[in-house]
Amino acid sequence: MSPPFKKILIANRGEIALRVIRACRELGIRSVAVHSTADANSLHVKFADESVCIGPPPSKQSYLNIPALISAAEITAADAIHPGYGFLAENAEFAEVCERCKIRWIGPPPALMRLMGDKVRARAAMQSSGVPTLPGTGVLDSEKAALEAGERIGYPLIIKASAGGGGRGMKVVEGPARFGALLATARSEALAGFGNPDVYVERYLTHPRHIEMQVLGDGQGGFAHLGERECSIQRRHQKLIEEAPSAALDDTQRAFIGDIALKAIRGIDYSSVGTLEFLYQDGEFYFMEMNTRIQVEHTVTEQVYGVDLVREQILMAAGEPTRIKGQLKPRGHAIEVRVNAEDPVSFAPWPGKITALNLPGGLGVRVDTHIYDQYVVPPTYDSMIAKLIVTADDRPRAVARLSRALSEFVVEGIRTNLPFHRRVVEHPDYLSGNLDTHFVERLLGPQAT
Ligand code: MV4
C-alpha cells in the first residue's frame with residue numbers, strides 16, 4: 001500500500017507533535033515539525049524528518065500564526081497539516097486556508113467545525129437528531145426572555161457563552177433576583193473572551209460526571225464509536241485524570257449511550273475523529289458539547305480498543321474508508337494521568353530545567369512525553385509535560401499499576417503535580433470509582449476552585 005500522504009506538517013508542539021510524528025513514521029509518511037525559538041531543542045524537532053522555525057516564543061507569533069504555518073508547509077511541500085489539540089485545532093478559518101492552499105486538513109470539514117463551535121447551534125443540531133440535552137434556551141436577547149426561561153425551566157440555571165466551551169465564561173444562577181446582573185456580566189465576558197456576546201441558559205446539574213464518547217466518521221457512510229471515557233477528575237476545567245471505561249456505567253447504559261453517539265454523528269454527517277461530551281447524573285445523559293479534534297485523553301481509548309486513533313484520523317483525511325465498524329468491545333481498563341510542571345499545592349506553573357528524570361515502565365505502562373533529562377520546560381506554553389497511561393485487566397488492577405508507576409516516576413529540578421496524583425490513588429472515593437466533577441474540590445478544599 002502506498003502512503004496516504006507524502007508529507008505531513010504538524011502545527012503543534014510537545015507530546016502531541018511526537019504522537020503524530022510516530023503515526024506518520026509507521027505509515028511511511030514524512031513529517032515536518034514547526035517550532036518557536038523557545039522550542040528549538042524540543043524532541044518533536046529532533047524526531048521529525050524536517051523542521052521549520054516559525055517565530056518567537058509567544059503562541060500568537062508562532063503556533064497560532066497562520067501565514068507562518070502555511071509558508072512552512074509550502075516551503076517543505078507538505079501535502080497535509082495535522083493540528084494536534086489546542087492552538088488552531090478547532091479554528092475553522094485555518095482549516096479553510098489549508099484547503100484553499102491545496103493542503104489537506106486532517107480534521108472535519110470547516111462547516112462542521114463552525115457548527116460545533118457554536119454551542120447554541122450544536123445543541124439544536126443534537127436535539128433534532130434525538131440526542132438528549134438539558135432543558136434550555138437559544139440565544140437570549142433580553143432580561144425578560146431570561147426570566148421567562150427561569151420560570152419555565154426552574155433554578156438553578158447556568159449561563160453559557162455560545163462561542164465559549166471548555167467551561168470558560170459560565171455563571172450559575174440560583175434564582176431570579178440576580179439574573180439580570182449575571183446576564184449582563186456573562187454577555188460582556190463572552191464578548192471580551194470570544195468576540196461574541198451571545199449567551200444561553202440551561203438547567204444546572206449540581207453533581208454531574210463528565211463522560212465523553214469517542215466517535216469517528218470517514219465521510220463515506222462509515223461511522224463508529226469507541227466507547228466512553230470518564231473525565232470527572234478535573235480542576236478549573238483542566239482534566240487531570242481520565243479513564244476508560246467509566247466505572248459508572250453498566251452494559252445497558254453503555255449500549256444506550258453508544259446508540260446515542262451514533263445517532264449524533266450520523267445526524268450531522270460527522271467526519272474525522274471527534275468527541276461528544278456528556279454530563280451524566282442520576283442515570284441520565286445530557287449532551288454538552290462536541291470537540292472536533294483529537295483529544296489529550298485519546299490514549300485511554302486506544303489502550304482498551306487496540307486502535308491507533310491518530311493513524312485512523314490520517315487515513316480518513318486521505319479518503320480511506322474506516323475499517324472500524326460495528327461493535328468493537330473494550331478490553332480491560334486504562335487510566336491516564338496528566339503530569340504538569342506546576343506546584344502540587346498552589347497549581348502555579350513551574351517551568352525550568354529538569355535535572356534528573358526517571359520515566360516509569362514495565363507491563364501495561366505507556367508514557368507519552370516530550371521531556372528528557374536536562375530539558376528546559378519553557379514558561380510560555382501549557383504546563384503538561386507528560387501523560388502516564390496504565391492498562392490492566394480491570395479497574396482495581398489498573399489503579400494498582402498506576403500507583404506502582406507513580407512510585408517510579410522521578411522528575412527533579414522542577415515541581416510537578418505527581419504528589420497530587422499519588423494522593424488521588426489512595427483516596428477511598430477514587431478507589432471505589434465514586435467520582436463527580438467536584439472530586440478535586442472535595443479533596444483539596446476551596447483553594448482548588
Ligand atoms: C454544566 C454543568 C452543570 N450543568 N452544565 C464545564 C465545562 C463546560 N463544557 C460545561 N461545564 C459544565 N456545564 C450544566 N447544565 C457543570 C459543568 C461543569 C463541569 C463539567 C464537566 C467537567 C467539569 C466541570 C466542572 C464544573 C462545571
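Order of appearance sets the numbers: ligands from 1, and atoms from 1 within every ligand. On a predicted model such as this, the values are computed, not experimentally measured, just so you know.
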At what distance is the nearest protein heavy atom to [atom], and which residue and atom is it?
atom                    : answer
atom 19 (C) of ligand 1 : Thr437 CG2, 4.1 Å
atom 16 (C) of ligand 1 : Tyr204 CE1, 4.2 Å
atom 8 (C) of ligand 1  : Gly167 N, 3.3 Å
atom 11 (N) of ligand 1 : Met170 SD, 3.5 Å
atom 4 (N) of ligand 1  : Leu205 N, 2.9 Å
atom 2 (C) of ligand 1  : Leu279 CD1, 3.7 Å
atom 9 (N) of ligand 1  : Glu289 OE1, 2.9 Å
atom 25 (C) of ligand 1 : Gln234 NE2, 3.2 Å

Winner among His237, Arg203, Lys239, Met288 once heavy atoms are compared against atom 18 (C) of ligand 1: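 Looking at heavy atoms only, the winner is His237.
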Selection from Lys160, His210, Gln238, Glu202 by shortest heavy-atom distance to atom 1 (C) of ligand 1: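 Comparing heavy atoms across Lys160, His210, Gln238, Glu202, the nearest one to atom 1 (C) of ligand 1 lies in Lys160.
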side-chain contact (heavy atoms from CB on, under 4.5 Å) partners of Ala334, counting only residues at least two apart: Val300, Gln303, Val304, Thr391
If I compare all heavy atoms of [X] with all of [Y], which pair ends up nearest, and what's the gap?
X      : Y      : result
Ile158 : Arg203 : CG2-O, 4.2 Å
Ser36  : Ile54  : N-CG1, 4.5 Å
Arg404 : Gly361 : NH1-O, 2.6 Å
Tyr63  : Leu88  : O-CD1, 3.7 Å

Aromatic ring pairing Phe285/Phe278, orientation class (parallel under 30°, perpendicular over 60°, tilted between): perpendicular
Could you pull out every donor-acceptor pair under 3.5 Å between side chains of residues 435-446 and any protein atom, sequence neighbours left out?
residue : atom : partner : partner atom : Å
Asp436  : OD1  : His438  : N            : 2.6
Asp436  : OD1  : Arg442  : NH1          : 3.4
Asp436  : OD2  : Arg442  : NH1          : 3.3
Thr437  : OG1  : Pro208  : O            : 3.3
His438  : ND1  : Glu441  : OE1          : 3.1
His438  : NE2  : Thr206  : O            : 2.8

Atoms in ligand 1 flagged as close to Leu134, the criterion being non-hydrogen separation under 4.0 Å: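 Counting atoms of ligand 1 from 1, those under 4.0 Å from Leu134 are 14 (C), 15 (N).
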Criterion side-chain contact (heavy atoms from CB on, under 4.5 Å) against Val337, the qualifying member of Leu240, Val425, Ile241: Ile241
